[in-house]
Asks: 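Quick one: the structure is below, questions incoming.
Source: prediction; values computed, not measured. When reading the values below, keep in mind they use all heavy atoms of this one structure, side chains included, and skip hydrogens, waters and symmetry mates. Just so we're on the same page: letters track the sequence lines, and every chain starts at 1.
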Protein chains: 4
Amino acid sequence: MNTHSFLVLFGRDRRHKINKKEKNNKYHLILKAAVKVFARQGFYQSTVAQIAREAGVADGTIYLYFKNKDDILVHFFSYRTKQVFERFRAEVNKSDNSLDKLRNLIRRHLTEFQRDRDMAVVYQVETHQNSRLAEDQIREMSQMYQDLVSEIVETGQQEGRIRKDLYVGLVKRFILGAVDEVINTWLHSDKNYDLVSMADPLVDLFVRGIGTSD
Amino acid sequence: MNTHSFLVLFGRDRRHKINKKEKNNKYHLILKAAVKVFARQGFYQSTVAQIAREAGVADGTIYLYFKNKDDILVHFFSYRTKQVFERFRAEVNKSDNSLDKLRNLIRRHLTEFQRDRDMAVVYQVETHQNSRLAEDQIREMSQMYQDLVSEIVETGQQEGRIRKDLYVGLVKRFILGAVDEVINTWLHSDKNYDLVSMADPLVDLFVRGIGTSD
Amino acid sequence: MNTHSFLVLFGRDRRHKINKKEKNNKYHLILKAAVKVFARQGFYQSTVAQIAREAGVADGTIYLYFKNKDDILVHFFSYRTKQVFERFRAEVNKSDNSLDKLRNLIRRHLTEFQRDRDMAVVYQVETHQNSRLAEDQIREMSQMYQDLVSEIVETGQQEGRIRKDLYVGLVKRFILGAVDEVINTWLHSDKNYDLVSMADPLVDLFVRGIGTSD
Amino acid sequence: MNTHSFLVLFGRDRRHKINKKEKNNKYHLILKAAVKVFARQGFYQSTVAQIAREAGVADGTIYLYFKNKDDILVHFFSYRTKQVFERFRAEVNKSDNSLDKLRNLIRRHLTEFQRDRDMAVVYQVETHQNSRLAEDQIREMSQMYQDLVSEIVETGQQEGRIRKDLYVGLVKRFILGAVDEVINTWLHSDKNYDLVSMADPLVDLFVRGIGTSD
DNA sequence: CATGAATGAGCCTTCATTCAT
DNA sequence: AATGAATGAAGGCTCATTCAT
C-alpha cells in the first residue's frame, strides 16, 4: 500500500485536495513531456502534437493548462528551474565557510543538472538564445545565482580565504561560465562519466587557478 | 540553338570569370545578411525571405548559393567562424611564453567577438543547442580551441609557470566556459562597455584563482 | 431498488412538476443567454462556452436542453420569434379598419423589436443569411407576416381604402422590407431615438406614397 | 493554335501588359471564387481551402493577394460593390426628372443584383450582420445610396412631383428597405422570375402608395 | 544567373461535443 | 440533472522550396 492509496482509503474528505493534485499532475505531466521533447529537438523544432503524444494526452488538453506553446517554456523556467535554483541557496546556507559554500554550490549544481538532463539541455539552450521567450525568468535566476556567488566571495574575503583585489562581477561569470561549459560538454558527450566528480577539481581551479604560486 | 548554348560555346572564359566573382560576392553578401538575421531572431525564427530582403536579392537566388536554409548555417561555421578560430592560432603563435600565449588568445577571442556581434550571437546559440545543424563544424572548432589550450598548458608546465597537477581536459572547459560566459553576458547587456578590457582580469583569474596564496 | 426507482414509484407527480419547471427555467435561461451572445457576436462567432458562461451553467448542461449549437437557434425561432409574430396577429385583430390594422401591425412590430434588441439583431441577421439554419421556422414566420398583410390589403380593398390595382405579393415585400430597414438602421445607430415613433410616418408613406396627388 | 499561342507569337512586346493583366486576373479570380463560396455557405462557413479550390489555386496563393480571410471580404466591398454603387449614380444622372431618376435607380439596382447573384447574397448578409467585417465600406456605400435618394427627393420637391411634408431620412430607408426585401425574396426563391420586372410596380408603390386618393 | 509567383505540407490553436463523476 | 475536463477534427496561416520566365 503506497501513500496514494492510503489517502484514498482514509482521506476521503480530502477529495478536493486529491482532485487538485490530479489536476496538478496533468500540469506536471505535460510540463515534463514538453521539456523532454524540447531537450531532444529544440523548442522551435518541437510540435505541440509531439508534446501531447509524449504526455499521453490530446493536443487540445495542452491548452487547458498552458496559454500557448511559448507559455510552456515560461512555466518550465518559473516552476522547475526556479525550484532548482532555490535548492542552490539552501545548499550554500549549509556551511559557514566560504570555500565549503562554493564547493556545496558547485556540487549541487552539477548534481541537479546531471539528475535532470532534459532540464539541463533546455536551460543551456534557452539561456544562450538572443530572443529569450522566458527573458524575465532567466534574468531572475541568473540574479539568484550571482547573489550566491557574491555572498560567497564576500564571506571569503572577510575570512581571508578569498582575494580582496577581485572584480566580483567578473568572478560571477568566471564561475558560472566554467560550470556551464562543464555541463555543456557533458551533455554533448556520451555521458558515461560522472558529472559530479568534476566538482572538486573545478573548485580547486577556481580557488588556486592554473598558475604556480611563485 | 538558343541564346544559352551560344554563350556556352563562344563566351565561356569571360563568362566563367564574371560568374565566379559575382558568385563570390553574392555568396558573402547572403551569408552576412543571414548571420545578421539569425543573430536578431534566431535561426528557426528567421525566414529565407527575410535573409533575401536583407541581402537585397530574390528568395530564389539564395538557392543558387546554398542547398537550403540549414546549409547557410553550416557555411557560416565552416567559413566565417573557422576563419576566426584560425586567427586564434596565429595569435597564440606570436609568443613563446605560455602566459602571454594565453593572454593573446583571450584578447583575440574577445576582440573578434566584440567586432562581429552577429557572429558572436549565432555562435553562442548554436554551440549550446542540442541538435546542432553544424555539428561537425562546431566539433572541429571546439577541437581547435582545445588544442590551443592544451599547447599552452603543456608549454606552461615545461616553463614551470603552470601547475603540473591539472586535469587538462577540465582546464580547457574552465577557460572556454568562462570566456564564453563573459561574452554571453556582454551580448545580453547594453554592450556599452569594452569587452576586451575583460581579458587581463580574466587571465589573472585563470592563473591565480580567487583564493589567497596561503 | 435504488433511490431513483423509489422516486419513480412514489414521487412521480411532484418530481415531474419540479423537473418540468426547472427544466423550463434552465431552457429559457440558456435560450436568452444564447440570443444575447448571438446578437453581440453573430452565430458562428459565438461559442457554446460563452453561452454557458452567460447563462451561468456548465458547458455540458447546454446539451441536456439542446441537441447541438444549431438547435439553439432553431429553438429561438420556433419559440421566441414565433411568440412575437403571434402577437402581431392579435394586434391586427384588434381593429376592423384596414388602415388601423396596418398601423397596429407596424407599431407592434417596432415595439417588440425595440423591446428585445437581441432578438431583433438575431432575426435580422438570420433572415438574410443564405444557408439558413432555421429555414423552416423563418419561412413559417414570413408566411405568417405575409398573411397578415394579405388580409389587411383585402380588407382595405373591400373598404375602398386600398387600391385595387396592386400586385399583393409585392406589397408584402414593400411593407416588410421598409419596416426591416427602419429597424436595421436603428440597430446600427446609437439607438438613442424612439423606434416606435417611426410607425406613423411609415404608415403614411405606405398609404400615400411620396408623390403628390396630381 | 489557340489565342494564347497567337499572342506569344505576334504579341511579344505586349508581354509586360499580359503579365500585369494575368496578375490582376488572379486577384479577381480569387475574389470571384471567394464571393461564390461565401454566397453558397456564408462567410464563416467557408474555408480558405474551398476558395482556393474554387479559384483553382493553392491555399497559400490566396495570401499573396489578401492579408487574410477577412481581407477578402473587405476587398469585395471596397472593389466590387463600390463599383456597382457608382453605376447607380451614373444612372441617376441620366435623367433630369426626379421620378425618372428614381425609376432608373431602382431598375439599375435590380439589374445589377440579378446579374451578379453571388454579390447580391454576400451584400445582403453582410449589411445585416451586427459585427460587420467591412464596416467602413458598408457605411460608405449606404451613404452613397442615401445621397442619391436625397437628391431625387429634393429634385422632386422642387419640381412639385414629390410631397414636401416628408421626413427624408425615413424615405431613404423606406425605399432601400423595400428594394432590399424584393431582392432578398428573389434570392430565396427559385429565381425563375425576372427581378427587374419588379422595378416599375415598385416605383409605383413608392410614388402613389397603396391607398386610394380620396 | 536572377527572379518572385506559386505551391502545399505542416503547425498552432479553437471549439463543439462527450462522458465519467 | 449537472458538471467541466478531455477530446480531436478542422481550419487559418506560414514559409521553405521550386520553376517558368
Asks: Could you label the plane-to-plane angle of the D:Y79 and D:H28 rings as parallel, tilted or perpendicular, counting under 30° as parallel and over 60° as perpendicular?
Replies: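 Geometry flag for D:H28 against D:Y79: tilted rings.
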Asks: Can you name the closest pair of heavy atoms from A:L133 and A:E126 and give their distance?
Replies: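 Minimum heavy-atom separation between A:L133 and A:E126: N-OE2, 3.7 Å.
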Asks: What's the closest nucleotide to the side chain of A:T61 if the choices are E:dT7, F:dT3, F:dA6?
Replies: F:dA6
Asks: Using ring centroids (six-membered ring only for Trp), state whether D:F66 and D:Y27 fall under 6.0 Å.
Replies: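 Between D:Y27 and D:F66, the centre distance is under 6.0 Å.
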Asks: Under a 4.0 Å heavy-atom cut-off, which of residues 66-77 of chain C touch DNA chain E?
Replies: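 The answer is C:N68, C:K69.
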Asks: Send over the distance from C:D59 CG to F:dA1 P, rounded to a whole Å.
Replies: 18 Å
Asks: With rounding to whole Å, what would you report as the distance between E:dC1 and F:dT21 at their P atoms?
Replies: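 My reading of the P atoms in E:dC1 and F:dT21 gives 22 Å.
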Asks: Given Watson-Crick or G-U pairs with both distances under 3.5 Å, what dot-bracket string fits DNA chain E, with | for other-strand pairs and [ ] for crossing?
Replies: .||||||||||||||||||||
Asks: If you assign each of B:Y63 and A:I62 to its closest nucleotide in DNA chain F, which residue comes earlier from the 5' end?
Replies: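 Its nearest nucleotide being more 5', the pick is A:I62.
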Asks: Which listed nucleotide (E:dT18, E:dA6, F:dA5) is nearest to the side chain of A:Y65?
Replies: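 Looking only at heavy atoms from C-beta outward on A:Y65, the closest nucleotide is F:dA5.
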Asks: Using 0.5 Å steps for rounding, measure from the CG atom of C:L29 to the CD1 atom of C:I51.
Replies: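 Separation between the atoms: 12.0 Å.
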Asks: Do any of residues 35-58 of chain D sit with a heavy atom less than 4.0 Å from DNA chain F, and if so which?
Replies: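 Contacting residues: D:S46, D:T47, D:V48.
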